[in-house]
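The structure under discussion appears below in the form of structure tokens.
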Amino acid sequence: MDHEPVRATDPAVADALEAEVDRQRDTLAMIASENHVSRAVMSAQGSALTNKYAEGYPGERYYAGCEQADVVEELAIERAKQLWGAEHVNVQPHSGTQANMGVYLAMLDPGDRILSLELTHGGHLSHGHPANFTGQVYDVEQYQVDPETGYVDYEGLADTAAEFDPDMIVSGYSAYPREVEWERIQEVADTVDAYHLSDIAHITGLVAAGVHPSPVGISDFVTGSTHKTIRAGRGGIVMCDEEYADAVDNAVFPGAQGGPAMHSVAGKAVGFREALEPEFVDYAEQVVENARALAESFRERGLTLVSGGTDTHLVLADLRDSHPDLTGGTAEEHLADADIVLNANTVPGETRSPFDPSGIRAGTAALTTRGMGESAVREVGDLIADVVDAAAEERTDTVVPEVRARIDDLTDEYPLYDGGGGTVFE
Ligand code: DSN
């Protein structure tokens, strides 16, 4: 990484940036919402477009000098249309939450009703949590996953929708390991005459590659973030049919945001081009195969998985059965000591606090970017189980250093940003 210009003027920040690259190289990024972007995406995000104000949209800007901003934004839009097949795309949202905000502002009035999945069942803050603007501005009711199966309770969703009469139903989740049946939720939305927003933030890359069914053409609105499985750098995106294009564009700017972050839009354009290469389908397929391998290794070691397994890039383990006295937070801490970085997560029927919940969530997008296949990921699953067992039995003093040493070997074997990580990184 070229941090020389920073080092010349600001050694304190340069030290932190270099230490962060080292941290990413030397640890396994298993937070399911994270990934490693290519050098090309990073270069675009660090480009001179950070200087440019470009309020408006290509060809209709409020400021002069937007010729190159227009080129970049049009490329990002065209490539997104190719990837996801949407009629209309807005690539300006600063994040997935800003993308959702754009849709809510476009279609709802304050006090309107949103029906969404509970946060502890896999939903997201921006789907109506009281701590988020959505919970404060809109009237929110929530559906759940089936406590027995861990799959979305589609019948319960339909019953709640019939009673609550929502203006918008939100599907698409942050900690849900199974395929979402978009059509079933769309049928409910049709029955109660509600809009349907599908937030595919976590699975944008899987949907683009066709390894998870697409809600595009089914739901009215599809939102996402661009830095998770799609690997196009930090930001958000909204997709919809042409009939909602003006409403969405006006809601994103000037409704929710001022000037777009054009350097991020450039990152999106570059990352989307990478995702249009045939290798990206191989990558996305491998992400899912790796998540299945991780699930298998967890199951073999006695961990209980929400829904019993995975169809996506993530697994969610509920530690309460296997390790009743171990919290997700304690497991997360010891795993971080062993250089495995994942997050403690709430689980359906959560009995602990969101600050120290009962589950751990692990994703395979970043490991797959480093080039890992099923056998390496299965070994990582075993190493995670070793640390979890040791944490429950207060044996971490001996086990964590052993696991850390093995992770050190694995991160050398699957390098990052120095020739490793597949073709887009070379
Ligand atoms: N914080 C992200 C996640 O981890 O799922 C979503 O915004």
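All ligand and atom numbering here is 1-based and tracks the order in the structure.
Of all atoms in ligand 1, listed by their number and element, those nearer than 4.0 Å to a heavy atom of H202 are 3 (C), 5 (O). Interface atoms of ligand 1 facing S174, defined by a heavy-atom separation under 4.0 Å, are 5 (O). Each of the following atoms of ligand 1 lies closer than 4.0 Å to a heavy atom of H124: 6 (C), 7 (O).
Ring geometry for Y176 against Y173 counts as perpendicular: the plane angle is over 60°, on a 0 to 90° scale with 30° as the lower cut. Taking the six-membered ring for Trp and thresholds of 30 and 60 degrees, Y104 and Y138 have ring planes inclined between 30 and 60 degrees apart. Using the six-membered ring where Trp is involved, F272 and W84 have ring planes that are perpendicular, over 60° apart on the 30 and 60° scheme. Using a 30° and 60° split on the angle between ring planes, Y244 and F221 fall in the tilted class, from 30° to 60°.
At least one heavy atom of R361 sits under 4.0 Å from some atom of ligand 1.
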Before you tell me yes or no, could you show the steps for Q24 and H36 under side-chain hydrogen bond (donor to acceptor under 3.5 Å, both in side chains), namely the whole-Å CA-CA distance, both residues' side-chain angles and the distance that decides it to 0.1 Å?
CA-CA 9 Å; Q24 292 187 21; H36 305 290; 3.3 Å; yes
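Residue nearest to atom 2 (C) of ligand 1, selected from S33, G122, G363: S33 (by heavy-atom distance).
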